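Let me begin by presenting the structure, written as structure tokens, before commenting on it.
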Amino acid sequence: MSRAFRAPFPPDRRGVAASPGVSFRSTGAARAGASRAVTRTLSDDPLGGTVRRTVLPSGLRVITEAIPAMRSVSFGIWVAVGSRDETGPQAGAAHFLEHLLFKGTNKRSALDISSGIEAVGGETNAFTTKEYTCYYARVLDEDLPLAIDVMCDLVADSVLEPADVETERGVILEEIAMHDDEPGDEVHDLFARAVYGDHPLGRLISGTEETVTPMTRRQIQSFYRRRYTAPQIVIAAAGNLDHAAVVRLVRQALRGSPLDTDPATPAAHRPATPAVRTKPATTLVEPKETEQAHVILGCPGIDRLDERRFALGVLNNILGGGMSSRLFQEIRERRGLAYSVYSYASQYADSGLFAVYAGCAPGKVDEVLDLTRAELARVAADGLTEAEVARGKGMSKGSFVLGLEDTGSRMSRLAKGELLYGDLTPVDELLGRVDAVTVADVNVLAAELLSRPMSLAVVGPFGAGDFATR
């Protein structure tokens with residue numbers, strides 16, 4: 001199983017408000033009887049397929065995009081539970097559970113789960129983030145019924161055998177150790193801790209050896225049954241499929257399971273208020289004998305519902321979002337100080353981060369940090385040019401549309417729109433929101449954001465006091 005995917009250019013900058021460009025035609029009463037599902041059909045998107053959404057009586061949602069030109073289907077079960085939903089002693093429970101659900105159900109062994117999908121050339125996996133967990137499969141269209149049955153079974157009815165808990169505990173401890181051997185990954189977690197401290201957003205998704213080692217089956221089982229409820233789940237699928245057939249197969253797979261529950265209302269998306277309180281700017285150093293130093297300089301950003309998120313995407317592209325970005329050109333191309341340098345924005349329901357990462361020789365850290373700080377200050381004071389903003393907008397639009405070229409990306413877009421925003425904004429409207437960003441929008445945001453006190457995280461051959469005056 002993979003942990004949260006960290007990319008230098010986050011793909012998710014979508015909107016949340018009800019979209020005037022989306023129309024619905026009801027295929028069921030607005031408030032149907034308790035035993036009836038309610039389905040709505042979104043207008044066909046010129047850049048996509050037909051998207052339909054069904055709310056089952058239990059509050060579980062099924063949303064699909066039918067793309068007849070495809071011969072595959074990506075099917076995902078998304079649960080609105082992540083590492084930030086854990087208490088301190090539970091740290092790592094969501095990730096631990098992600099591993100365990102593949103170990104067997106009342107109907108299937110772990111081998112049955114993996115071999116059943118692999119026998120038809122499909123693939124399964126899962127990942128845990130700070131705000132949600134996803135279990136997915138990608139198969140040929142003709143094998144979608146199998147994928148639905150297997151994935152619904154493992155999410156709804158895992159047995160969590162005591163022996164499997166101990167086996168996966170060892171696997172997870174190895175994963176944590178492996179992560180500690182990857183300083184380029186470790187520095188991102190160190191930076192999150194610098195900004196958020198002991199808040200769940202500042203903790204490791206995997207938990208630590210101190211929290212995973214004593215975690216009991218009873219604790220994990222309790223987390224499973226309290227958190228994995230039908231109103232918290234969105235099932236998404238994209239590819240060559242029929243929506244009604246998917247809904248029918250999902251209901252069949254879940255019949256009699258712990259997710260086949262009394263009527264309920266779907267859970268609302270995670271609220272944006274109150275905002276997470278962040279720590280004052282600080283410096284954290286993880287001493288490690290590495291050949292390369294890994295540094296992150298950054299500050300609290302904006303949450304994912306902030307209307308300025310489109311301007312932030314443009315700003316990020318120009319500062320460090322590609323090979324033509326200011327930081328890449330100055331630090332790598334002109335001076336050859338680092339192989340990897342980029343900026344990124346992470347956004348949560350009630351908080352966010354903006355940061356610059358660089359990997360360089362330990363002796364070049366001071367120069368890299370000086371150049372980074374100078375560039376951020378320059379953009380904050382002088383802003384970006386019209387040509388730069390136009391290029392940044394083009395990068396945002398192109399990366400978004402190109403990212404929809406496979407069923408997995410489309411499936412993820414459906415689920416995140418429903419789970420994180422409560423709405424699926426049409427592609428054309430999203431592109432229009434990017435087009436509407438002005439030079440003034442970007443420069444006002446840059447002046448405010450890049451003037452914030454910056455925290456620094458460093459992993460490399462340094463002492464804790466080496467950056468006290470830097």
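Fair warning: this is a prediction, and the values are worked out from it, not measured in the lab.
Residues forming a side chain to side chain donor-acceptor pair (under 3.5 Å) with D143 (at least two apart in sequence, or on another chain): none. Among residues two or more places apart in sequence or in another chain, the ring-ring contact (aromatic ring centres under 6.0 Å, His included) test is passed with Y196 by none. With sequence neighbours excluded, no residue forms a side chain to side chain contact (heavy atoms under 4.5 Å, CB included) with T273. Residues passing the side chain to side chain contact (heavy atoms under 4.5 Å, CB included) test with N106, sequence neighbours excluded: D157, V159. Residues that satisfy the ring-ring contact (aromatic ring centres under 6.0 Å, His included) test with F223, not counting sequence neighbours, are absent from this structure. Partners of R452 according to the side chain to side chain donor-acceptor pair (under 3.5 Å) rule, which considers only residues two or more places apart in sequence or in another chain, are E448. Residues passing the salt bridge (Lys or Arg N to Asp or Glu O under 4.0 Å) test with E418 are R53, R61, sequence neighbours excluded. Scanning for side chain to side chain donor-acceptor pair (under 3.5 Å) contacts around R84 gives E131, D350, with sequence neighbours left out. For E123, the side chain to side chain contact (heavy atoms under 4.5 Å, CB included) partners at least two apart in sequence or on another chain are R138. The side chain to side chain donor-acceptor pair (under 3.5 Å) search around Y357 returns H294, not counting sequence neighbours. Contacts of Q232 classified as side chain to side chain contact (heavy atoms under 4.5 Å, CB included), with partners at least two apart in sequence or in another chain: A80, T229, A267.
The pair K103-E168 meets the salt-bridge criterion, since a charged nitrogen lies less than 4.0 angstrom from a carboxylate oxygen. Between R71 and D141, at least one side-chain N (NZ, or NE/NH1/NH2) sits under 4.0 Å from a carboxylate O, which counts as a salt bridge. Taking the charged nitrogens against the carboxylate oxygens, E186 and K288 do have a contact shorter than 4.0 Å, which makes a salt bridge. With salt bridges taken as basic N to acidic carboxylate O contacts below 4.0 Å, one links R108 and D149.
Side-chain contact between V276 and L201 is present, with at least one heavy-atom pair separated by less than 4.5 Å. Looking only at side-chain heavy atoms (C-beta outward), D306 and Q347 stay at 4.5 Å or farther from each other. A heavy-atom distance below 4.5 Å is found between the side chains of Y228 and V155. Between R270 and L420, the closest side-chain pair of non-hydrogen atoms is not below 4.5 Å. With a 4.5 Å cut-off on side-chain heavy atoms, Y224 and L160 count as touching. The shortest distance between side-chain heavy atoms of F75 and C152 falls below 4.5 Å. When side chains are defined from C-beta on, F96 counts as touching V165, because their heavy atoms get closer than 4.5 Å. Contact of the H269 side chain with the L419 side chain is not registered, since no non-hydrogen atoms from C-beta on lie closer than 4.5 Å.
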Do F191 and L456 pass the side chain to side chain contact (heavy atoms under 4.5 Å, CB included) test, and can you show the C-alpha distance, the side-chain angles, and the key distance before you say yes or no?
CA-CA 7 Å; F191 175 68; L456 175 66; over 6 Å; no
Would you check, one step at a time, whether the test side chain to side chain contact (heavy atoms under 4.5 Å, CB included) holds for V120 with L146?
CA-CA 9 Å; V120 296; L146 171 67; 4.0 Å; yes
Candidate pair L319 and V356, rule side chain to side chain contact (heavy atoms under 4.5 Å, CB included), full reasoning:
CA-CA 9 Å; L319 268 175; V356 175; over 6 Å; no
Could you walk me through whether R433 and E307 pass the salt bridge (Lys or Arg N to Asp or Glu O under 4.0 Å) check?
CA-CA 10 Å; R433 296 287 297 275; E307 288 300 312; 2.5 Å; yes
From CA spacing to verdict: side-chain hydrogen bond (donor to acceptor under 3.5 Å, both in side chains), S409, D406:
CA-CA 6 Å; S409 297; D406 65 86; 3.0 Å; yes
Passes side chain to side chain contact (heavy atoms under 4.5 Å, CB included), E86 versus R203? Steps please.
CA-CA 10 Å; E86 304 158 346; R203 296 200 295 252; 4.2 Å; yes
Candidate pair K397 and D435, rule salt bridge (Lys or Arg N to Asp or Glu O under 4.0 Å), full reasoning
CA-CA 9 Å; K397 293 192 297 181; D435 275 331; 2.8 Å; yes
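Of the possible donor and acceptor atoms, none in the side chain of S158 sits under 3.5 Å from a partner among the backbone N and O of T105. Between the side chain of S455 and the backbone N or O of V195, no donor-acceptor pair lies under 3.5 Å. Side-chain atoms of R255 never come within 3.5 Å of backbone atoms of V250 as a donor-acceptor pair (strictly under, hydrogens ignored). In terms of modelled atom types and a separation under 3.5 Å, the side chain of S399 and the main chain of M395 share a donor-acceptor contact. In terms of modelled atom types and a separation under 3.5 Å, the side chain of S325 and the main chain of G322 share a donor-acceptor contact. Not one N or O on the side chain of S222 forms a donor-acceptor pair closer than 3.5 Å with the backbone of Q219. Side chain of S351 to main chain of Y348: no donor-acceptor pair is present (N/O by atom type, distance under 3.5 Å, no hydrogens or angles).
The line from CD1 of I235 to CE of M411 is 11.5 Å long, rounded to the nearest 0.5 Å. Rounding to the nearest 0.5 Å places CG of L424 at 10.0 Å from CD of E429. Interatomic distance, T425 OG1 to L431 CG, rounded to the nearest 0.5 Å: 11.5 Å. Interatomic distance, D85 CG to Q90 CD, rounded to the nearest 0.5 Å: 9.5 Å. Note: D242 CG to T50 OG1 = 10.5 Å, rounded to the nearest 0.5 Å. Put simply, CG on L315 and CZ on F310 are 15.0 Å apart, with the number rounded to the nearest 0.5 Å.
Side-chain contact check for H179 and D189: at least one donor-acceptor pair (N or O, by modelled atom type) lies under 3.5 Å. Donor-acceptor pairing under 3.5 Å is recorded for the side chains of T128 and E98. Between the side chains of S109 and D112, at least one donor N or O lies within less than 3.5 Å of an accepting N or O. Between the side chains of N317 and S396, a donor-acceptor pair is found at a separation under 3.5 Å. There is no side-chain donor-acceptor pair under 3.5 Å between T167 and D164.
Taking every heavy atom of both residues into account, I205 and H95 meet most closely at O-CB, 3.6 Å.
The stretch residues 243-267 participates, sequence neighbours left out, in no ring pair (Phe, Tyr, Trp, His ring centres under 6.0 Å) pair at all.
The aromatic ring centres of H188 and Y344 sit less than 6.0 Å apart.
For R277, the CZ atom sits in a loose shell: 12 or fewer heavy atoms of surrounding residues, nucleotides or ligands are nearer than 6.0 Å.
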